[in-house]
Undergrad: 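Next up is a structure, given as structure tokens.
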Amino acid sequence: MDDASMVGLMGRVTGTIGPGLVGEVIVRVRGGAEHFLAHPADGTGLIESGTVVMVVEHLPPRTVYVTRAYDS
């Protein structure tokens, strides 16, 4: 899957994401759901497990940068 096709996809945090932490998200892609290592796109703030996020950058093969999909 190329970088452009991952950007904009929604996922759910399964392992807390934050500065200095490598979190994890699950994203529906390629007809299934896959886990990716995740970092906060803005480099700050904590994104807790269960939060819906949007992929803003994909670094193949398994790393994504994400932002919250909805304001809380």
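Keep in mind that the numbers below use all heavy atoms, side chains included, and drop hydrogens, waters and symmetry copies.
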Undergrad: Stepwise, does the side-chain contact (heavy atoms from CB on, under 4.5 Å) test hold for V55 with Y65?
TA: CA-CA 6 Å; V55 176; Y65 285 80; over 6 Å; no
Undergrad: Where is the tightest heavy-atom contact between I17 and G23, given as atom of each residue plus distance?
TA: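 Closest heavy-atom pair between I17 and G23: CG1-CA, 3.8 Å.
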Undergrad: Not counting sequence neighbours, which residues clear salt bridge (Lys or Arg N to Asp or Glu O under 4.0 Å) with R62? List them please.
TA: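 Counting only residues at least two positions away or on another chain, R62 forms a salt bridge (Lys or Arg N to Asp or Glu O under 4.0 Å) with E34.
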Undergrad: Between CG of L21 and OG1 of T16, what distance do you get to the nearest 0.5 Å?
TA: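 It comes to 7.5 Å.
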Undergrad: For the residue pair V56 and A41, what are the closest heavy atoms and their distance?
TA: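 Of all heavy-atom pairs spanning V56 and A41, the closest is CG2-CB, 3.3 Å.
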Undergrad: State the OG1-CG distance between T63 and L37, to the nearest 0.5 angstrom.
TA: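 Nearest 0.5 Å value for the OG1-CG distance: 5.0 Å.
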Undergrad: Closest heavy-atom contact between G15 and S49?
TA: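 Minimum heavy-atom separation between G15 and S49: N-OG, 4.4 Å.
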Undergrad: Which is it for F36 and V29 under the side-chain contact (heavy atoms from CB on, under 4.5 Å) test, yes or no, and what are the steps along the way?
TA: CA-CA 11 Å; F36 292 85; V29 63; 4.2 Å; yes
Undergrad: Taking the side chain as every heavy atom from C-beta outward, state whether E57 and V64 have any atom pair closer than 4.5 Å.
TA: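 No, every pair of side-chain atoms sits at 4.5 Å or beyond.
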Undergrad: What closest approach, in Å, do V53 and V13 show between heavy atoms, and which atom pair accounts for it?
TA: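 V53 and V13 have their closest heavy atoms at CG1-CG2, 3.7 Å.
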Undergrad: Once rounded to the nearest 0.5 Å, what's the spacing between atom CE of M6 and atom CG of L59?
TA: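 With rounding to 0.5 Å, CE (M6) is 10.5 Å from CG (L59).
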Undergrad: Sort and list the pairs that fulfil salt bridge (charged side-chain N to carboxylate O under 4.0 Å, His left out) and have at least one residue in residues 9-20, not counting sequence neighbours.
TA: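 Qualifying pairs, neighbours excluded: none.
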Undergrad: How close do P19 and P40 get, heavy atom to heavy atom, and via which atoms?
TA: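 P19 and P40 have their closest heavy atoms at N-CG, 4.3 Å.
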Undergrad: Taking atom CG of L9 and atom CE of M54, what is their separation to the nearest 0.5 Å?
TA: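 Rounded to the nearest 0.5 Å, the CG-CE separation comes out at 10.0 Å.
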Undergrad: Can you confirm whether M10 sits close enough to V52 that some side-chain heavy atom of one is under 4.5 Å from a side-chain heavy atom of the other?
TA: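 A side-chain contact under 4.5 Å exists here.
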